[in-house]
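The structure under discussion appears below in the form of structure tokens.
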Amino acid sequence: MSDRILVCVAWPYANYLLHVGQVAGAVLPADVFARYQRLAGNEVVMVSGSDSHGTPITVTADREGVEPREIVDRYHAKILETWERLGIVYDLYTTTLTDNHYATTQEVFLRLLEKDLLYRKSQDQLYDPQAERFLPDRYVEGTCPICGYGEARGDQCDNCGSQLDAIDLINPKSRMTGAIPVIRQSEHYFLRLTELEAGLKDWVGKQAHWRRNVLNFTLGSLNEGLVDRAITRDISWGVPVPVEGWDDKRIYVWFDAVIGYLSATREWAGRTGDPEAWRPFWEDPATRSYYFIGKDNIVFHTIIWPAILMGYGGLDLPYDVPANQYVNMPTGEKQSKSRGTGTWMLDLLDVYEPDTIRFYLTTIFPETSDSVFAEDDLIRTNNDVLIATWGNLANRVISMVHRNFEGIVPATGELAPESEAIMAEARAAFTTVGAEYNACHFRNAVNDSMALAKAANRYLDERAPWKAVKVDRVHAAETLATALTVINALKVLLHPVLPFTTRRLHEDLGFDGTVLGHGWAFEPVPAGTHLREARPLYTKIEVEPVGAPAR
RNA sequence: GGCAGGGUAGCUCAGCCGGUCAGAGCGCACGACUCAUAAUCGUGAGGUCGGGAGUUCAAGUCUCCCCCCUGCUACCA
């Protein structure tokens with residue numbers, strides 16, 4: 001019986017290239033998870049898109065003197081290229097610029113308004129009279145009132161780390177124009193999080209399967225008490241507020257971005273030809289929805305988005321939010337788009353095979369703590385783990401079958417105990433490794449798979465078919481046929497992480513169709529099968545790290 | 001400052017409802033083998049589990065204090 005699973009992935013801002021941290025932290029875990037679930041026979045839809053609104057995009061556009069849409073188009077194309085080359089398979093990767101998304105966002109807004117979960121309130125805001133624009137705190141700079149640092153931001157002083165209020169800055173000026181900001185009143189719509197707090201607490205309290213940091217952080221925030229948040233802004237780039245007389249404001253990006261999960265699923269449905277196909281993924285309580293995000297985004301996915309959904313009514317709340325920590329540089333520095341530090345995915349893809357990258361990144365998924373990306377470590381992992389333990393295993397066995405059995409899988413009689421044992425281990429791995437994937441413990445899934453590969457290497461050494469074949473062909477035949485079956489099992493177990501090379505291996509082993517088509521199943525390579533000529537699945541990297549720095 | 005997560009072998013990380021929890025992989029040393037991308041297999045070297053105090057028969061595993069890293073702190077998302 002199959003499950004229905006919605007895989008939601010954080011929406012990258014379309015104003016930069018993607019770096020390793022974003023991919024290892026959210027996108028690749030989601031893809032591995034979705035691939036596993038599809039293999040396991042579940043009904044999966046995976047959606048995301050480029051977040052096209054927000055101040056950073058406007059600022060980038062201003063700096064280049066172009067329209068925001070041009071920035072979005074440029075980087076959206078680069079992002080799509082990254083997915084293609086890395087083998088990230090979305091059912092839909094869209095943007096927040098579609099008519100469908102605007103309509104969905106406005107529909108949600110109006111529903112909340114009807115239900116009195118939105119209200120208007122005026123607040124003081126800093127305004128740049130030269131740019132004729134309201135300023136977020138971080139776009140104001142001046143002298144820190146606490147330590148005297150001259151270039152403190154309105155929200156925080158980078159020198160002494162103090163949290164600031166932009167109004168308290170000495171000699172404040174706009175980072176956009178240098179003008180002195182003035183205070184102006186502005187009216188906005190606020191979401192009544194205070195109203196939804198009790199329901200959220202009740203719901204979060206039941207999510208015992210969430211990761212410790214996600215659960216504790218969310219409970220902590222709820223216990224401190226929520227504050228209503230403004231969901232509109234004084235900007236011109238964004239989803240229009242569907243209310244008379246609000247033409248000069250827009251729905252703010254954090255509100256429309258999370259709604260993107262819903263609008264993207266609707267858009268996917270429309271593209272499949274069944275516009276109603278999104279409903280089971282959102283309206284059936286048995287559907288499980290997973291949100292793959294970084295740790296900086298937890299509050300939006302465990303509090304605000306659920307609050308919006310609760311307020312809207314009739315839609316599923318997140319089942320799990322397996323937020324990851326960060327992937328840092330070997331120097332300990334963060335991968336940061338805004339600082340320009342980090343490794344761009346496209347640079348990496350220019351140099352290394354996608355499965356090499358996917359495998360290495362999976363081994364450093366920051367599932368429990370920040371992890372480190374290092375190119376020399378990637379090379380070492382490729383050569384000393386991926387190839388030595390796994391690639392070589394497939395290669396040595398297929399080569400032996402060609403050398404000694406004309407490339408035809410030999411038949412076996414009754415199996416020796418050690419052959420039975422390794423077969424049983426391979427069969428059992430489908431349960432254990434499957435459970436790890438299903439629980440989003442991807443590193444464990446890979447480690448368990450590699451343990452099976454090591455066991456297969458050990459089995460080969462013990463049975464030494466290269467020796468046995470000279471004196472007892474039946475013995476050697478049994479060894480090789482058994483090893484092939486274990487290799488075929490590993491092909492399936494590792495397919496979510498290594499989709500490209502396991503597809504090749506699938507062909508090399510003489511199978512038709514796709515790995516996906518065969519499903520999450522233990523399956524021998526039938527006797528009599530003609531294997532293709534042995535070819536290495538992976539290329540050893542002999543070079544020094546070439547370096548693929550950001551910028 | 002407050003809240004949350006993390007600080008375990010050279011490296012990357014598990015373990016954390018207290019008692020085979022002092023581990024895995026890589027690297028390193030030695031040995032075996034030679035089918036295979038000099039790959040594989042076996043053996044080994046031992047890290048005061050960030051620091052200090054406490055609870056307990058027993059603590060990386062619980063409590064308290066301190067140090068360091070990261071995120072959030074709601075007008076970056």
Side-chain angles (χ1 to χ4, degrees), chain A residues 10-11 13 51 53-56 59 123-126 134-140 153-156 161-163 166 186 188 193 211-221 223-224 226-230 233-234 252-255 257-258 294-300 303-304 323 325-326 328 330 332 334 338 360 363-372 374 376-377 380-381 383-385 387-389 391-401 403-404 441 443-444 446-447 450-451 454 456-462 464-467 469 476 479-480 534-540 542:
Chain A
W11 293 55
Y13 254 146
D51 192 343
H53 299 130
T55 311
V59 170
Q123 58 180 13
D124 287 340
Q125 276 186 255
L126 290 170
F134 283 92
L135 293 170
D137 279 356
R138 57 168 39 201
Y139 285 96
V140 180
R153 289 193 323 213
D155 58 336
Q156 182 184 346
S162 306
Q163 299 295 316
S186 182
H188 287 289
L193 289 169
R211 287 183 179 174
R212 166 169 35 194
N213 62 321
V214 174
L215 186 59
N216 287 347
F217 179 76
T218 304
L219 285 171
S221 304
N223 287 332
E224 280 176 32
L226 301 180
V227 175
D228 294 344
R229 292 178 68 140
R233 291 292 183 277
D234 291 285
Y252 202 39
V253 62
W254 66 251
F255 187 80
V258 288
K295 62 180 171 182
D296 56 328
N297 252 326
I298 293 173
V299 67
F300 289 93
I303 293 181
I304 293 170
Q325 310 290 316
Y326 279 178
N328 296 320
K334 286 193 296 182
S338 51
Y360 173 62
T363 66
I364 62 161
F365 279 171
E367 291 171 4
T368 52
S369 59
D370 287 357
S371 66
V372 176
D376 56 351
D377 200 30
R380 203 160 36 235
T381 299
N383 292 352
D384 300 337
V385 182
I387 292 177
T389 303
N392 181 58
L393 169 66
N395 195 233
R396 69 194 293 207
V397 172
I398 293 173
S399 296
M400 275 189 275
V401 173
R403 175 158 314 165
N404 301 301
H441 297 158
R443 288 191 315 215
N444 284 349
V446 168
N447 290 340
M450 296 314 284
K454 288 188 88 69
N457 278 317
R458 200 176 308 128
Y459 167 80
L460 283 174
D461 275 46
E462 285 167 1
W466 53 90
K467 227 180 265 179
V469 74
T479 306
L480 293 178
R535 52 175 176 173
L537 292 172
Y538 309 95
T539 308
K540 194 145 190 173
E542 305 289 357

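Below, read A as the first sequence line, B as the second, and so on, with proteins coming before strands; counting in each chain starts at 1.
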Have a look at [X] and say if it touches a base, only the backbone sugar-phosphate, or nothing, with a 4.0 Å heavy-atom cut-off.
X	value
A:Leu126	nothing
A:Pro465	nothing
A:Ile304	nothing
A:Asp370	sugar-phosphate
A:Asp461	base
A:Tyr139	nothing
A:Thr218	nothing
A:Asp228	nothing
A:Asp51	sugar-phosphate
A:Arg443	sugar-phosphate
A:Gln125	base
A:Val299	nothing
A:Ala230	nothing
A:Tyr326	sugar-phosphate

Can you name the closest pair of heavy atoms from A:Pro465 and A:Ala476 and give their distance?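 Heavy-atom minimum between the residues: O-CB, 3.9 Å.
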
Quick one: is [X] getting a side-chain N or O under 4.0 Å of the [N] phosphate, OP1 or OP2?
X	N	result
A:Lys454	B:C26	yes
A:Arg380	B:G27	no
A:Lys540	B:A39	yes
A:Arg211	B:A4	no

Would you kindly compare A:Phe217 and A:Thr363 by the position of their nearest RNA chain B nucleotide and give the one closer to the 5′ end?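 Closer to the 5' end of RNA chain B: A:Thr363.
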
Both A:Arg212 and A:Ala388 contact RNA chain B. Taking the nearest nucleotide for each, which residue is further toward the 5' end?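 Here A:Arg212 is the residue nearer the 5' end.
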
What does [N] pair with, Watson-Crick or G-U, if both distances are under 3.5 Å?
N	answer
B:G31	B:C41
B:C64	B:G52
B:G71	B:C3
B:A9	none
B:C17	none

Suppose we call a contact any N or O donor and acceptor under 3.5 Å apart; does that hold for the side chain of A:Asn216 and the base of B:A4?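 Result: no qualifying N/O pair found.
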
Please tell me whether A:Arg535 and A:Asn395 have a donor and an acceptor in their side chains that are separated by less than 3.5 angstrom.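 A:Asn395 and A:Arg535 do not have a side-chain donor-acceptor pair below 3.5 Å.
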
Span that lies between the [atom1] atom of [M] and that of [N], in whole angstrom:
N	M	atom1	answer
B:C62	B:C49	C1'	16 Å
B:A39	B:C26	P	12 Å
B:G15	B:G7	C1'	15 Å
B:C75	B:C67	P	31 Å
B:G47	B:A58	P	27 Å
B:G25	B:A32	P	22 Å
B:U40	B:G27	P	8 Å
B:A22	B:A53	C1'	23 Å

Heavy atoms, side chains only, cut-off 4.5 Å: are [X] and [Y] in contact?
X	Y	answer
A:Asn404	A:Trp466	no
A:Trp11	A:Asn297	no
A:Tyr459	A:Thr479	yes

Please report the distance, rounded to the nearest Å, between CZ in A:Arg458 and C1' in B:A32.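 Rounded to whole Å, this separation is 15 Å.
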
Does B:G60 sit syn or anti, given that only angles within 90° of 0 count as syn?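 In terms of base orientation relative to the sugar, B:G60 is syn.
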
Do A:Arg229 and A:Trp254 form a cation-pi contact, if we require the NZ or CZ to be under 6.0 Å from the six-membered ring centre and within 45 degrees of the ring's axis?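 Yes, a cation-pi geometry holds between A:Arg229 and A:Trp254.
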
Treating A:Asp370 as the side-chain partner and A:Asn328 as the backbone partner, does any N or O pair qualify as donor plus acceptor under 3.5 Å?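 Side chain of A:Asp370 to backbone of A:Asn328: no pair is present.
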
Run the salt bridge (Lys or Arg N to Asp or Glu O under 4.0 Å) test on A:Asp461 and A:Arg458 for me, step by step, so that the C-alpha distance in whole Å, both residues' side-chain angles and the decisive distance to 0.1 Å come before the verdict. CA-CA 5 Å; A:Asp461 275 46; A:Arg458 200 176 308 128; over 6 Å; no

